[in-house]
Every structure is written in structure tokens, then in C-alpha cells.
Amino acid sequence: MDSQPIESNLSASQPADVRQRRARRAERWQRVGLPVLLAIVLAAIWQVWAMARHEVVLPTFVQVVQALGAVLGEGEFWRAMGISNVAVVLGFGLAAVIGVPLGLAMGRVRALESAADLYLNIALVIPMAVILPIVLIALGLDLRARVTVIFLFALPFIVVPVRAGMRTISAELFEMAHSFGASELWVWRKILIPGTLPATITGLRQGFGHAITGMLIIELTMISVGIGDLLQRLQANLNYPEIFAFVAAIIAESLIVIGALRIAEQRLTAGGRQQ
Amino acid sequence: MSERTSVLRSRQSGMPASFRLPRWARGRYATQIVVTVLSLLALEALTRAVDISWLPPPSRVVARTIELFKDGTLPAALGESVPAFLAGYAISVVGGIALGFLMGTFRLVRFTLLPYVSAGLVLPGIALAPVFFAIFGLSEGSIVAIIVVFAMPFIVFNAYTGIENSDFELQEMAHSFGASRLVIFWRITLRSALPLVAAGLRLGMTRAIKGMIAGQLILSVFGLGGLSRIYAGTFDAEGALSVALVTVIIAMIAVTFLEWWERRVSFWSEN
């Protein structure tokens, strides 16, 4: 990270300070402006390329934006999003409800840690998609199977950051709490849960991305419902502008949820520092 | 562990030294192996006693895997998977390291790309699959593109972080001793970035395998994912688990190898 100069209002009139401030303001503009500029350039290249190629599979940028506008006004889009997101909410919610306590417990109970560590590491590394057929054979082609797949996709990515967060809490804090006779409950309430909150949100953020991945994989392969079903029908109709628009909408949904979690994380970390 | 401390330990635990477990059987690896073997045996006994449609006995899965190797099904699926995988991973590695180094070196490149790279770390890249199918069709190109989307952000981010965190004081010292920028980059920046780059390659490997399987499952034409989809369609749990077993073994071997390499290049690092 860049070294941030310490803000001082007292000497605002001094040239060095003004220079620094200007530099900082310029940097802030660059940080926002340059990515936006890249997006505009890429969109322009896409537009020109698609117009030059003029193929049905490659809609222009403008066509996709128009399709997105049209799609967002359609009931079908929201119905599909609703169907898909019910499974995401259930599967991701379940993963959060089980994963966060599991991560916390793994950080506190040595036996659990050494029992689960190996499998957790394997679960992180292997492609969860390979056990998709087993879930389907076991549960059939219904909501339970979708929820299970999403749960399995998200779980390891929630547990691991939470457990890592437990490791960052200093042992001295525990020792002090213990020597002052703090109860286990107090330690959890005042040290462990606040201390691991940022890590927990990091885990939820990562888990959500994987939950959406699981949802898309299963809906695009074996259980055609919701967004997956709609995408496949659009593909059959060669409606490529709407396919691209759908992809943008799905990514936007993830971006909104993950962004909100990120903001929450920053707020909470800032609040923790003030205390 | 020295002889002295081990004697002390055994005294503390009150166990005669001769009764201690051999060294390889102590520690967490041994516990894990024992737990794994025991649960596999329990699973074998359970699945032989009760017939569960989706959970065949582990021994039958292994037998089926061997059979699928002999009749050429798995080798064919692997043969279809490997070229696209290597292409996708190679693009991710070369492009990822190059972009990461550019981001670590030039401020404006960093400002331009960082939001996209960080988004790529958490956003579901598989959402782009329909776009790739539109552009590349039902071909290996789509798989390669999905692998790149899955793997590259991690490699870029780690390479960038590695350069960013390289030892600034060492660079400054080399500079004041008259080292050229190229020498500084080659002998200091690059070396100190290497452990993080290696970690990025490891993460990228796991991501690339995930991307490949996901892409092949959706495409359902070839490769391990395609095979898995066929078994799902015929409710063949044994076959599906054979594909899973092979995929997991390959993933674990690749990751273990990269982990070993990572440790080798970061021998001097304190962590």
C-alpha cells in the first residue's frame, strides 16, 4: 500500500501540505477514473468489433445495453431470478449458519481442528462440481439438490477464513481474560466474536461467489430451472443480446451482494479500531 | 527433536520410552491417516451392509476406476481435457505474471486494473460461460476461456502483491551501490516476489481445475466433466465417483507439487 500522509488541518496553508493534498486528490481521481476509462475503451472496442464482424452470436455493446433495459422490465426475468435465488438464499444461508460456528469452533477446539483440517483443505482444492452427480442421484432433481449443491460450494470458503480469523486473535488476550477470571461465554462475546467479525465477512463474501457458481453450474447442466433454464432457452432461440444481458445481470447481483459485504467489513474494521 | 527433550517429554507423560509410538505415527498426519483409513473401512462395511443407490462401497469405486482405465474411457477423457487445460493454465500463468508485475511496477496500471482483478477474485466467473459459448462455440476454446477467467485473477493478484511487498530497503541499498534498475528488478524484486508468485500459481492451479470441470460439465461434450455428466444422466454413482476420484487425485498431485516448489523458493522467508 502507499504511505498515506497524516492529515493535518492546522497547516493547511503551507505549500508542502497543499501539494500533498493535491497529489492525494489527483490519486483519488486516478483510482476511480482509470478503471472507468478502461471500461469505456473496452466497450468501444467491443462495439466496433461486433459491428464489423456482424455475427448473430456477437451482439454489439449497445444492443446488449438495450436488451438489459428490456429484460429488467420483464416479469420472466424476475421470476427466473426469484427461482434461482431461493436456492441461493437457502444454500448460502445454511452454509453461513453452519460454516461460521464451525470455523469458530475449529479455532477454539484443538481436536476438531486436527480432525477437520485435512478434509477442509481437500475441499478447498478439489472441484466441488465433480460430486454434483452424486447429489443428484441421492436427492433427485428438486430444490433440495440445488440447495445442497450451493451449500457444498459455499461451505469451505466460509469456514476457512473464519478459522484463519481465530488464529489472528492474540493468545495474550486470552491469557489476560483468563487470569482475570473471565468465563468462556464472556471470552466469546467480548473477544472472539468481535475479533473474528471481519474474517467472517470475508468468508461470507467468498462463499457467496461460490454459491452463485454452484447455482449456475447446476442450473446450466442438470436441473434446468430459473436463470439456467432461461439462458438455455435464449440460446436455443439465438437471442444473444439477452443472453449477454442476463450474464451482466447475474454478475451485477454478485457485485451488489459482495460489495455490500465489503462495505460492512470496512465499517466494522474501522469501528473496531476506534474502540 | 533432540534426544534430551524427547526423554523429558516421555517422562512428563509418564510413559516408559520403549512404549512410545514410532516417530512417524505421532503428530497430526498419522492421526489424519488413521482417521481416514478407519472411516473408509466403516464406509465400506456400511455400504456393503445397506444398499445406498448414491453411495457405492469405496472398493467398488476403485475397481470401477481401474476398469475405466483399462477400457480406455478415462484415458480418452483425460486426453480431451489435458490440452485445453494446459493452454488455459499457460495463458493464465504467463499473462497473469506479466500483468501482476506491470501492476506492481507502474502505479497507473495498478489503478486501472486493481478493481477488475479484485472483482475477479470473488465474482462467479462461470457466469461468463454463455458468453464464451456464443463466441467460441462448443469447442475447446470455451474451456480455455473459462479456465483463464477462473485462474488468472489469482495469479495476477499474487504477482502484484509480491512485487508490491518486495524489500524496498534492499532495493534502495542496491541503487545507492550503483545497481541498474534491471539488476535490481532481476536480483531483488523478482526474488522477493517469488514466494507469493508461487502461491499464486498454486491457487491458480486449483482454480484452473475447477474451471475446467465446470466448463466441461456445462458443455457436456468431452473431457472429465462430460464423462461425469453422462454418469449423472444414467444415475451411475460408481462411474461418477470414479471420475471424481481421478479428478481429486490429479488436483491433489498438482497442488502438492506446487506446494513443494513454493516451499523451495521461499526457504529464506520467515513465514
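Chain identifiers are assigned alphabetically (A, B, ...) following the order of the sequence lines, protein sequences preceding nucleic acid strands; residue numbering begins at 1 within each chain. Predicted model only: the values in this text are computed from it and were never measured.
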Check: What closest approach, in Å, do B:I209 and A:P127 show between heavy atoms, and which atom pair accounts for it?
Finding: CG2-CG, 3.8 Å

Notebook entry, point to check: If you take all heavy atoms of B:P130 and A:L231, which pair is closest and at what distance?
Noted result: CG-CD1, 3.9 Å

Measure the shortest side-chain to side-chain distance between [X] and [Y] over non-hydrogen atoms and say whether it is less than 4.5 angstrom.
X: A:I126; Y: B:T247; result: no
X: B:V35; Y: A:Y119; result: yes
X: B:K210; Y: A:M128; result: no
X: B:L241; Y: A:I134; result: yes

Residue selection (most heavy-atom pairs with chain A, distance under 4.5 Å) from [options]:
options: B:V243, B:L203, B:V131; answer: B:V131
options: B:A251, B:P124, B:A232; answer: B:P124
options: B:I135, B:V255, B:L55, B:I218; answer: B:I218

Kindly compute the distance separating [atom1] ([X]) from [atom2] ([Y]), expressed to the nearest 0.5 Å.
X: B:R107; Y: A:R31; atom1: CZ; atom2: CZ; result: 8.0 Å
X: A:M222; Y: B:S220; atom1: CE; atom2: OG; result: 9.0 Å
X: A:E27; Y: B:L108; atom1: CD; atom2: CG; result: 10.0 Å

Option in [options] with maximal non-hydrogen atom pairs under 4.5 Å from chain B:
options: A:L220, A:V125, A:I218, A:L38; result: A:V125
options: A:T221, A:V130, A:N121; result: A:T221
options: A:P59, A:A129, A:S254, A:A138; result: A:A138
options: A:L234, A:L136, A:V32, A:I251; result: A:I251
options: A:P35, A:G33, A:G209, A:A248; result: A:P35
options: A:V135, A:T213, A:L255, A:V56; result: A:T213

Checklist line | Expected output: side-chain A:Y240 to main-chain B:A134 donor-acceptor under 3.5 Å | finding: no

Margin query: Taking B:V122's backbone N and O only, do any of them form a donor-acceptor pair with A:R205's side chain (distance below 3.5 Å, no angle check)?
Written below: no

Under 4.5 Å from any heavy atom of chain A - which part of [X]:
X: B:P115; result: side chain
X: B:V248; result: both
X: B:R202; result: neither
X: B:I52; result: neither
X: B:T161; result: neither
X: B:Y116; result: side chain

Measuring heavy-atom distances to chain B, does [X] have an atom under 4.5 Å in its side chain, in its backbone, in both, or in neither?
X: A:F246; answer: neither
X: A:A39; answer: both
X: A:Q235; answer: side chain

Margin query: Taking CZ in A:R233 as the centre, count heavy atoms belonging to other residues, nucleotides or ligands within less than 6.0 Å. Is the count above 12?
Written below: yes

Item checked: Within 6.0 angstrom of B:W261 CH2, more than 12 heavy atoms from elsewhere -> yes

Check: Would B:T112 and A:L37 satisfy side chain to side chain contact (heavy atoms under 4.5 Å, CB included), going step by step from the backbone distance to the final call?
Finding: CA-CA 8 Å; B:T112 313; A:L37 192 68; over 6 Å; no

Next item on the list: For A:L124 and B:T206, run side chain to side chain contact (heavy atoms under 4.5 Å, CB included): C-alpha distance rounded to whole Å, both residues' side-chain angles, the deciding distance at 0.1 Å, then the answer.
Entry: CA-CA 8 Å; A:L124 275 185; B:T206 72; over 6 Å; no

